[in-house]
Amino acid sequence: MAERDAPPDPRGELDPAIAGRLKRGADGLVCAVVTEHGTGTVLMVAWMDDAALHRTLTTREATYFSRSRHQQWVKGATSGHTQYVREVRLDCDGDTVLLVVEQTGPACHTGAHSCFDEDVLLPPPQDP
């Protein structure tokens with residue numbers, strides 16, 4: 001394979017055109033909302049630094065930045081509950097990315113399918 005045909009290096013840097021559109025928080029992170037392909041279910045919310053977004057875009061393995069551990073993590077690397085990324089979108093303000101994924105196993109660290117399965121603060125209205 002010629003060098004120009006080589007796949008992008010997941011350890012490389014985020015495309016400057018994409019990086020320039022991101023509005024990061026003071027911690028350098030951008031919010032990532034993760035939905036399930038096919039159902040649209042919101043599975044989780046996580047955070048990404050530029051390197052995690054670059055790795056996600058080049059490998060299609062959902063990669064996030066752990067604010068508590070101060071390091072990147074590939075979803076499912078230890079649990080096996082992986083996310084294959086089908087699509088990534090940037091919102092109109094540039095401060096949130098949307099990942100559409102194929103989820104294997106539960107998305108939530110509690111074992112729930114979605115991190116939003118447990119606490120319903122306002123249920124939908126009942127049909128008349």
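For the numbers below, each heavy atom of this structure counts, side chains included, while hydrogens, waters and symmetry mates do not. The first residue in the sequence is number 1, and the count goes up from there.
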Paired with Glu36, the side chain to side chain donor-acceptor pair (under 3.5 Å) test is passed by just one of Arg86, Gln103, His113, namely His113
Among Val74, Leu99, Val101, Leu14, which residue satisfies the side-chain contact (heavy atoms from CB on, under 4.5 Å) criterion with Thr56?
Leu99
Please answer: with hydrophobic residues joined when any side-chain heavy atoms are less than 4.5 Å apart, are Tyr84 and Trp73 in the same cluster?
no
Taking all atoms of both residues into account, what is the closest heavy-atom pair of Cys115 and Met44, and its distance?
SG-CB, 3.8 Å
The criterion is salt bridge (Lys or Arg N to Asp or Glu O under 4.0 Å); which residues satisfy it with Glu13, sequence neighbours excluded?
none
With Arg69 via salt bridge (Lys or Arg N to Asp or Glu O under 4.0 Å) - residues at least two apart:
none
How many angstroms lie between atom CG of Asp49 and atom NE2 of His70, to the nearest 0.5 angstrom?
12.5 Å
Partners passing side chain to side chain donor-acceptor pair (under 3.5 Å) against Glu61 (at least two apart in sequence or in another chain):
Arg55
For Arg67, check salt bridge (Lys or Arg N to Asp or Glu O under 4.0 Å) against everything at least two apart and list the hits.
none
Testing the basics here: between Gln72 and Ala51, what is the closest heavy-atom pair and its distance to 0.1 Å?
NE2-CB, 2.9 Å
side-chain hydrogen bond (donor to acceptor under 3.5 Å, both in side chains) pairs touching residues 115-128, sequence neighbours excluded, are none
Evaluate the criterion side chain to side chain contact (heavy atoms under 4.5 Å, CB included) for residue pair Leu22 and Leu90; output intermediate values, then yes/no.
CA-CA 8 Å; Leu22 295 177; Leu90 182 61; 3.7 Å; yes
Side-chain heavy atoms under 4.5 angstrom apart, residues restricted to Ile, Leu, Val, Met, Phe, Trp, Tyr: same cluster for Met48 and Val85?
yes
Are Val45 and Val34 side-chain neighbours, meaning at least one heavy-atom pair lies under 4.5 Å?
no
Quick one about Gln83 and Tyr64 (side-chain donor to acceptor, distance below 3.5 Å, no hydrogens or angles considered), yes or no?
yes
Let me see the working for Thr35 and Leu98 under side chain to side chain contact (heavy atoms under 4.5 Å, CB included), right down to the final yes or no.
CA-CA 7 Å; Thr35 64; Leu98 173 68; 3.7 Å; yes
Spatial distance of atom CG (Asp91) from atom NZ (Lys23) [nearest 0.5 Å]
8.5 Å
The test is salt bridge (charged side-chain N to carboxylate O under 4.0 Å, His left out); show your working for Arg24 and Asp95 and say whether it passes.
CA-CA 6 Å; Arg24 301 161 195 81; Asp95 60 2; over 6 Å; no
Minimum heavy-atom separation for Phe116 and Val42, please, with both atom names.
CE1-CG1, 3.5 Å
Is any side-chain heavy atom of Val97 closer than 4.5 Å to a side-chain heavy atom of Val33?
no
Could you tell me whether Phe65 and Trp47 have their ring centroids closer than 6.0 angstrom?
no
Donor-acceptor pairs are to be reported for all side-chain atoms of residues 104-111 against protein atoms at under 3.5 Å, with residues two or more places apart or in another chain.
{"residue": "Thr104", "atom": "OG1", "partner": "Thr82", "partner atom": "OG1", "Å": "3.4"}
{"residue": "Thr110", "atom": "OG1", "partner": "Ala112", "partner atom": "N", "Å": "3.4"}

